Protein chains: 2
Amino acid sequence: MDRLFQALADATRRDIVSRVLVAEYSVSGLAEQYAMSFAAVQKHVAVLERASLVTKEKRGREQIVRGRVDAVQRARRLLDEYEHIWRQRIDRIGDLLAEDASDQD
Amino acid sequence: MDRLFQALADATRRDIVSRVLVAEYSVSGLAEQYAMSFAAVQKHVAVLERASLVTKEKRGREQIVRGRVDAVQRARRLLDEYEHIWRQRIDRIGDLLAEDASDQD
DNA sequence: GTAACGTACAACCATATGGTTGTAGTTCAG
DNA sequence: CTGAACTACAACCATATGGTTGTACGTTAC
């Protein structure tokens with residue numbers, strides 16, 4: 001999870017993710033999109049790969065990068081959990097208020 | 001967004017978030033929960049605050065920390081978007097296959 | 001075969017991060 | 001008033017991060 005959120009904590013990497021979820025890109029194809037060196041983009045892709053957010057597959061002399069929606073879903077599920085436990089607290093507070101109301105009967 | 005995901009990229013901070021979404025904690029109350037110095041926890045809370053994941057409210061000599069579900073939702077919505085654009089690609093591929101099928105008619 | 005392309009990786013730099021200890025200011029209790 | 005509790009913040013350290021340039025290697029095209 002650390003690596004997953006860490007990988008998402010950079011605008012360039014988030015942009016790469018959104019691109020490779022739509023279509024395939026070679027590493028150099030991605031590098032063309034950004035105003036930084038090829039090596040820098042290569043590092044970003046490596047971070048995304050370690051976080052399981054993308055896969056790389058060799059095709060000829062190119063390395064094809066694809067997005068992995070399952071990793072996105074893993075992160076989303078954790079945030080869903082947070083919303084859930086928050087909602088439970090709200091519900092609990094609602095219950096307490098209901099109890100107070102019945103006390104006053 | 002950078003700060004949001006950066007804040008979530010640490011297990012201690014995620015644990016703090018899950019706690020303060022359930023109940024209120026003072027900073028020292030949180031610090032008791034972890035095997036690190038008070039100052040370290042204080043820094044984590046500061047990171048979460050800059051990311052809008054928690055709020056601090058002074059109450060007497062204590063500082064009460066509360067979780068902000070809206071920030072969690074902002075992060076979740078971005079991940080939802082990613083899933084959405086991925087699904088669109090899948091749909092597009094489905095459409096292409098359907099076209100191929102009709103070509104063969 | 002050779003030149004160009006795509007990639008990998010190391011070395012380097014500046015800055016950020018996660019932790020520590022120490023000092024100091026407020027607030028509460030006795 | 002004095003001491004203890006809660007917090008803030010600075011200084012410091014080790015390591016990680018995001019960027020660069022340079023070098024080396026496999027692959028493709030001519």
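These figures come from a predicted structure and were not determined experimentally. So you know, we letter chains A, B, ... as the sequences are listed, proteins then strands, and number each from 1.
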Distance in angstrom units between B:Leu30 CG and D:dT7 C1', rounded: 13 Å
A:Arg19 CZ: over 12 foreign heavy atoms closer than 6.0 Å: yes
NZ/NE/NH1/NH2 to OD/OE distance under 4.0 Å, A:Arg59 and A:Glu24: yes
Ion pair A:Glu83/A:Arg87, N-O distance below 4.0 Å: yes
Carboxylate-amine/guanidinium proximity below 4.0 Å for A:Asp70 and A:Arg74: no
Integer-rounded Å distance: D:dT17 P and B:Phe5 CZ: 17 Å
hydrophobic_cluster_shared for B:Val17 and B:Val47, side chain cutoff 4.5 Å: no
Nearest-0.5 Å distance, CG of residue B:Leu8 to CD of residue A:Gln6: 11.0 Å
Length of the line joining B:Leu48:CG and C:dT17:C1', which is rounded to integer Å: 14 Å
Atom pairs, N/O to N/O, protein against nucleotides 6-11 of chain C, distance under 3.5 Å?
residue	atom	partner	partner atom	Å
C:dG6	O3'	A:Arg61	O	3.4
C:dT7	OP1	A:Val27	N	3.2
C:dT7	OP1	A:Gln63	N	2.7
C:dT7	OP1	A:Gln63	O	3.4
C:dT7	OP2	A:Ser28	N	2.5
C:dT7	OP2	A:Ser28	OG	2.8
C:dT7	O3'	A:Gln63	NE2	3.3
C:dA8	OP1	A:Lys56	NZ	3.3
C:dA8	OP1	A:Gln63	NE2	2.5
C:dA8	OP2	A:Gln42	NE2	3.2
C:dA8	N7	A:Gln42	OE1	3.4
C:dA8	N7	A:Gln42	NE2	3.3

Contact nearer the 5' end of DNA chain D, comparing A:Arg50 with A:Lys58: A:Arg50
Interatomic distance where CG belongs to B:Asp10 and C1' belongs to C:dA16 [whole Å]: 14 Å
Nucleotide C:dA16, atom C1' - distance to CZ of B:Arg13 in whole Å: 12 Å
Whole angstrom value for the distance that separates C1' of C:dA16 from CD of A:Gln6: 10 Å
Interatomic distance where CZ belongs to B:Arg3 and C1' belongs to C:dA16 [whole Å]: 14 Å
Sugar-phosphate, base or nothing in reach of B:Arg59, heavy atoms under 4.0 Å: nothing
Euclidean distance, atom CD of residue B:Glu49 to atom P of D:dC9 [Å, nearest integer]: 10 Å
